Trainee: 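Have a look at this one.
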2 protein chains.
Amino acid sequence: MTLTINDIAKKAKVSKSTVSRVLNNSGYVRKETREKIENVIKENIYYPSATARSLSKKESSTIGVIIPEADNEFFGEVLTGISEIVDEHNMTLIFCDTSNNFLKEERALAMLNMQRVKGLILTPVNDHNYGEAEKKLKQKLKDLKIPIVLLDRGVKNSEWDGVYFENYKSAYSATEILIKEGHKKIGIITGDLKLKIGQDRYKGYLGAMEDYGMEIINEYIYEGNFSVEKAYELSKQFIESKDLPDAIITCNNRTTLGFIKALKEYNLTLGKDIAAIGIDSNKVLDILGYNFSYVARDAVEMGRVAMHRLLERFEDPNKQRVECIMPYKIYLKGSEKMNP
Amino acid sequence: MTLTINDIAKKAKVSKSTVSRVLNNSGYVRKETREKIENVIKENIYYPSATARSLSKKESSTIGVIIPEADNEFFGEVLTGISEIVDEHNMTLIFCDTSNNFLKEERALAMLNMQRVKGLILTPVNDHNYGEAEKKLKQKLKDLKIPIVLLDRGVKNSEWDGVYFENYKSAYSATEILIKEGHKKIGIITGDLKLKIGQDRYKGYLGAMEDYGMEIINEYIYEGNFSVEKAYELSKQFIESKDLPDAIITCNNRTTLGFIKALKEYNLTLGKDIAAIGIDSNKVLDILGYNFSYVARDAVEMGRVAMHRLLERFEDPNKQRVECIMPYKIYLKGSEKMNP
DNA sequence: TTGTACGCGTTATCAC
DNA sequence: GTGATAACGCGTACAA
């Protein structure tokens with residue numbers, strides 16, 4: 001049905017070796033022969049089979065991407081960044097969404113193994129979990145025997161390149177800002193403390209509080225799980241208790257939304273009834289002109305960097321493992337202050 | 001380096017045909033032989049090469065997806081839906097993001113052609129454009145000679161299956177709601193009128209206005225382009241002119257955001273200073289408890305449906321072309337009313 | 001029930 | 001400069 005290199009060879013009255021040479025710009029081909037072949041290819045709309053090609057060359061130009069949720073602003077941007085670089089290098093991208101599900105993660109890994117992808121960018125479902133699940137994951141990654149870049153979340157004692165975020169520092173900095181604004185009762189709605197990114201952000205908060213000799217009041221530490229719903233629920237609780245903190249740190253974009261939702265519901269005003277600063281950006285909040293302050297990284301850039309790490313690793317498989325920590329940027333819009 | 005079926009055959013002391021038979025569960029294999037081979041496969045962590053397999057079988061289980069912007073709530077959800085079904089059927093998904101760029105679209109198509117994908121889900125950069133670009137696109141799609149499902153945007157005189165949205169009806173319905181609320185001066189911020197989805201929504205507005213004998217006032221028709229910025233700019237303009245419409249229809253999620261941004265900036269309140277209803281959902285507006293009313297389709301479901309169409313087409317390549325129009329749902333939150 | 005031999009569409013290594 | 005020919009890793013008639 002679809003044309004092969006043989007068909008082209010016949011039509012051009014040459015051998016397939018010669019066609020292959022013009023396709024790959026390799027070896028000597030007389031100018032006229034080349035032009036003739038090129039014409040036949042154009043006229044007959046021939047595209048060489050990547051499948052046959054990679055079987056023959058024993059290498060693919062395909063990379064795999066496994067992320068937990070494509071319908072998440074952050075990962076959507078990450079994907080955009082990865083895709084951009086993949087495209088620039090004429091590679092192809094196989095996409096997998098795990099929905100934060102271990103079984104799907106396993107299946108994706110097996111599939112990518114069979115597809116013989118050249119490299120993998122992975123955000124694991126878990127993050128630095130010591131259990132059996134992580135052991136299995138690490139083994140499976142080793143079995144792949146290809147360059148891998150971990151993104152956003154990692155594994156304990158990683159042997160792979162990684163692109164992460166300054167979780168500790170960003171939270172530290174956010175806390176510091178609140179402290180310097182003069183707030184005393186500084187609370188936090190943490191992320192999922194089973195994930196390292198959740199832990200680190202929490203630790204950043206504790207670190208800053210300690211360094212500045214602030215009193216850490218357990219009542220103001222609300223353990224969330226990075227979801228809108230939990231943050232909303234926790235926020236309602238502390239709003240209803242009369243003991244409101246002066247300021248709050250929200251540990252990711254969704255936490256921020258849950259918090260703000262609660263504020264609106266109780267008619268509390270940011271920067272008036274309570275101050276706040278978040279981690280992660282929410283495009284929409286900015287568009288709507290909310291005065292919500294936050295520290296965040298550039299997600300698209302994070303995708304680009306991950307793909308670049310992979311490309312470098314292809315170049316030099318033996319170079320030292322590199323972990324790239326994306327810097328945070330501070331976006332102050334006013335909510336960190338309290339104007340009575 | 002990586003194991004082949006031959007390695008497994010040797011280790012299991014059988015021929016590779018037998019290994020192939022257990023891999024594919026085809027033909028007769030003695031129970032003991034099968035178990036032995038399965039053990040060898042497990043122990044040596046062998047995964048068959050999808051590349052070699054599809055070359056040999058002359059068919060792939062890979063589908064291509066081309067969307068214009070992954071970092072867009074709508075397409076992120078679409079991708080999630082597609083990925084879900086792809087996964088259920090043990091297929092693999094090759095992802096391309098065109099960034100609404102014709103050249104990238106062309107390159108993606110060529111790449112997917114070489115990859116010999118089994119099917120394609122495509123949201124073209126353009127939508128029912130009569131020009132040369134569309135002719136070229138249609139030709140390239142024909143050249144692919146594979147099942148194709150157009151998603152959200154189509155081409156003139158399409159020969160392919162498609163999954164679209166009730167653009168006309170949804171806009172008609174939105175307009176109708178405003179009319180029945182008693183609004184007289186009903187305006188609209190249109191989408192990109194070069195795209196058919198933009199046109200159809202605009203026509204839905206006109207249709208309802210006409211059917212209900214409403215006077216269409218050109219001053220209240222603001223031509224946007226589906227972007228936040230343009231909608232914001234237009235909104236500012238009509239707010240500053242003293243001649244504000246009673247109610248506004250915003251033609252997609254971004255238009256809505258631009259509009260609301262302007263409202264906030266001028267301290268106008270939705271449902272008090274001006275009524276409004278939009279097309280498309282904005283998760284965040286809902287989360288924040290905005291009272292913004294809208295009509296929308298389920299984007300994740302749209303992805304699922306598109307993938308299902310493709311699967312059906314694989315089953316029966318000759319069945320009649322089917323265009324699936326996703327229904328809209330109405331979400332009234334109050335902004336359609338005007339409470340003085 | 002199992003093994004042999006060939007083909008899938010390329011690239012690569014040789015001769016010519 | 002060009003053309004046979006052998007891989008690449010697998011599936012599959014066909015033979016045994």
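The model shown is predicted, which means the values in this text are computed figures rather than measured ones.
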Trainee: Starting at CG of N6(B) and ending at P of dT4(C), how long is that distance when rounded to a whole Å?
Mentor: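 Atom CG in N6(B) sits about 11 Å away from atom P in dT4(C).
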Trainee: Between dG11(D), dT1(C), dT2(D), which nucleotide has the shortest distance from any of its atoms to the side chain of T33(B)?
Mentor: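 Of the candidates, dT1(C) comes closest.
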Trainee: Could you tell me how far apart Q115(B) (CD) and dG9(C) (P) are, to the nearest whole angstrom?
Mentor: 16 Å
Trainee: Once you round it to whole Å, what is the distance between P of dG9(D) and CG of L55(A)?
Mentor: 7 Å
Trainee: For the residue pair R34(B) and V22(B), what are the closest heavy atoms and their distance?
Mentor: NH2-CA, 3.7 Å
Trainee: Counting the atoms with a prime plus P, OP1 and OP2 as sugar-phosphate, which does R34(A) contact under 4.0 Å by heavy atoms, base, sugar-phosphate, or nothing?
Mentor: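 No contact.
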Trainee: Taking OP1 and OP2 of dG9(C), is either one under 4.0 Å from a side-chain nitrogen or oxygen of Y46(A)?
Mentor: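 For dG9(C), OP1/OP2 do not have a side-chain N/O of Y46(A) under 4.0 Å.
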Trainee: Within residues 13-28 of chain B, find the residues that approach DNA chain D with a heavy atom at under 4.0 Å, and present them sorted by residue number.
Mentor: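 Per residue number, the list reads K16(B), S17(B), S20(B), N24(B).
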Trainee: Whether the side chain of S60(B) engages the backbone of R116(B) through a donor-acceptor N/O pair (distance < 3.5 Å, no angle test) should be reported.
Mentor: yes
Trainee: Tell me whether the count of non-hydrogen atoms from other residues, nucleotides or ligands lying under 6.0 Å of NZ in K319(A) goes above 12.
Mentor: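 Count over threshold, so yes.
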Trainee: Would a 4.5 Å heavy-atom cut-off, applied to side chains only, mark L93(A) and I94(B) as touching?
Mentor: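 No; the side chains remain at least 4.5 Å from each other.
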Trainee: Could you tell me the separation between the CG atom of N113(A) and the P atom of dG9(D), rounded to a whole number of Å?
Mentor: 14 Å
Trainee: So, is K58(A) near the phosphate of dT11(C), with a side-chain N or O under 4.0 Å from OP1 or OP2?
Mentor: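 So the side-chain polar atoms of K58(A) never come under 4.0 Å of the phosphate oxygens OP1 or OP2 of dT11(C).
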Trainee: Taking atom P of dC8(C) as reference, at what distance in whole Å does atom CZ of R53(A) sit?
Mentor: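 Rounding to the nearest Å, CZ of R53(A) and P of dC8(C) are 19 Å apart.
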Trainee: For DNA chain C, whose closest nucleotide is more 5', that of S56(A) or that of S56(B)?
Mentor: S56(B)
Trainee: Should the pair R297(A) and F74(A) be classed as cation-pi, given the thresholds of under 6.0 Å to the six-membered ring centre and 45° from the axis?
Mentor: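 Relative to the ring axis of F74(A), which defines the angle, R297(A) lies inside both limits.
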Trainee: Between K11(B) and N44(B), is there a side-chain heavy-atom distance shorter than 4.5 Å?
Mentor: yes
Trainee: In whole Å, what is the span from the CD atom of E59(B) to the P atom of dG9(D)?
Mentor: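 After rounding, the reported distance stands at 21 Å.
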Trainee: Counting heavy atoms from C-beta on, name the nucleotide in dT2(D), dT12(D), dC10(D) closest to the side chain of K57(B).
Mentor: dT12(D)
Trainee: Using whole Å, what does the distance between atom P of nucleotide dC8(C) and atom CG of D7(A) come to?
Mentor: 11 Å
Trainee: How many Å lie between NZ on K10(B) and P on dC10(D), as a whole number?
Mentor: 13 Å
Trainee: Is any side-chain heavy atom of N101(B) closer than 4.5 Å to a side-chain heavy atom of V125(B)?
Mentor: no
Trainee: The side chain of P48(A) is closest to which nucleotide in this list: dT10(C), dG9(D), dC10(D)?
Mentor: dT10(C)
Trainee: Just N and O in the side chain of R30(A): are any of them under 4.0 Å from OP1 or OP2 of dT2(D)?
Mentor: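 For dT2(D), OP1/OP2 do have a side-chain N/O of R30(A) under 4.0 Å.
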